[in-house]
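See structure below.
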Amino acid sequence: MEIDKYLDLQQTWANEIIIFPKNKGFQFQPTMNILSLDVQYSDEMAYVAADIQSFDGQFIQTFGMITHTNFEYIPSLFCFREAPPLLTFIQYLQKNKDFPPFDVILVDGHGIAHHRKFGVASCVGLLANMPTLGCAKDTLVKYNTTLNIAKNSTADIFLGDEMVGYAFRSQENIKPLYVSAGHLISQEESLEIVKNLCKMYRNPEPLRRADAVARLLQKGERTKEYIFLGEMECVKI
DNA sequence: GCGACAG
DNA sequence: ATCTTGTCGC
């Protein structure tokens, strides 16, 4: 695989990412909807789940779809593996007016908290032209700022002089989440969104639902927890 | 040169 | 992410 070609492409696309200052760009309103995405893999098959809820906490629906991936997992080039299945699903939902509309997308992975400031959430935002944010369970960029044990503590993560995201302790004394803006949103708004979506568990509620549905899909269990949309041809990047 | 490295 | 045994807790 021509790694250099993808490193270049990532660098080019990273320059097109727009991160807004505080109180600019996407701002959620209670009635707006958030789309949250997760994927499970079996070999080249990708089992994708998409959850839609409003910001005032109203659950709308979780959907499931099957497609494939053809890019191996390489740390820091993860977006080329995961973004195509996600974009396939996003484009399908956008094209079909029968599906609920959504205003912002939450991705399981990083936004710009990435060595070339181009994680999967930024990739999805740029190619779908939508506001996105990333929420990951491990960090890619090292940080040495202190993170308190208390619930809702945060620590800024820097790449050189630039603040690229947060370590965020969603529950007392548990491993933090890593939150960063993806595209067309501010860091502060991204953190606020994740904060609002975390309830009793480490992960945000809609990502927990998406994760559960992706696992059901993978096992071939067609339950009432989600609406199955069938198998789709994966878009190419 | 070597290790570390989202999902 | 996936593979994988036993173990602990609700």
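Quick note on labels: first sequence line is chain A, next is B, and so on, each numbered from 1. Being a predicted model, the structure only gives us computed values, none of them experimental.
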Interatomic distance where CZ belongs to Phe80(A) and P belongs to dG7(B) [whole Å]: 18 Å
Salt bridge Asp51(A)-Arg208(A), side-chain N to carboxylate O under 4.0 Å: no
Parallel, tilted or perpendicular: ring planes of Phe63(A) versus Phe89(A), cut at 30 and 60 degrees: perpendicular
Rounded distance in Å - CG (Leu37(A)) to P (dA6(B)): 20 Å
Residue pair Tyr41(A) / Gln218(A): nearest heavy atoms and the distance that separates them: O-NE2, 3.0 Å
Below 4.0 Å: OP1/OP2 of dA1(C) and any side-chain N or O of Arg215(A): yes
Rounded distance (Å) that lies between atom P of dA6(B) and atom CD1 of Ile74(A): 13 Å
Sugar-phosphate, base or nothing in reach of His114(A), heavy atoms under 4.0 Å: base
Sugar-phosphate only, base, or nothing, as touched by Gln218(A) at under 4.0 Å among non-hydrogen atoms: sugar-phosphate
Plane angle bin for Phe26(A) and Phe55(A) - parallel if under 30°, tilted between 30 and 60°, otherwise perpendicular: tilted
Between P of dA4(B) and NE2 of His110(A), the distance in whole Å: 18 Å
Touch class at under 4.0 angstrom, heavy-atom based, for Tyr73(A) against every strand present: base
Atom-to-atom span, CG of Leu177(A) to C1' of dA6(B) - whole angstrom: 13 Å
Protein-nucleotide distance (Ile112(A), atom CD1; dA6(B), atom P), rounded to Å: 18 Å
Length of the line joining Met200(A):CE and dC10(C):P, which is rounded to integer Å: 13 Å
Distance under 6.0 Å and angle within 45° of ring axis: Arg209(A) vs Phe59(A): no
Separation of atom CG in Leu106(A) from atom P in dA6(B), rounded to whole Å: 18 Å
Phosphate contact (dT2(C) OP1 or OP2) by Gln40(A) side-chain N/O below 4.0 Å: yes
Lys142(A) vs dA4(B): side-chain N/O to OP1/OP2 distance below 4.0 Å: no
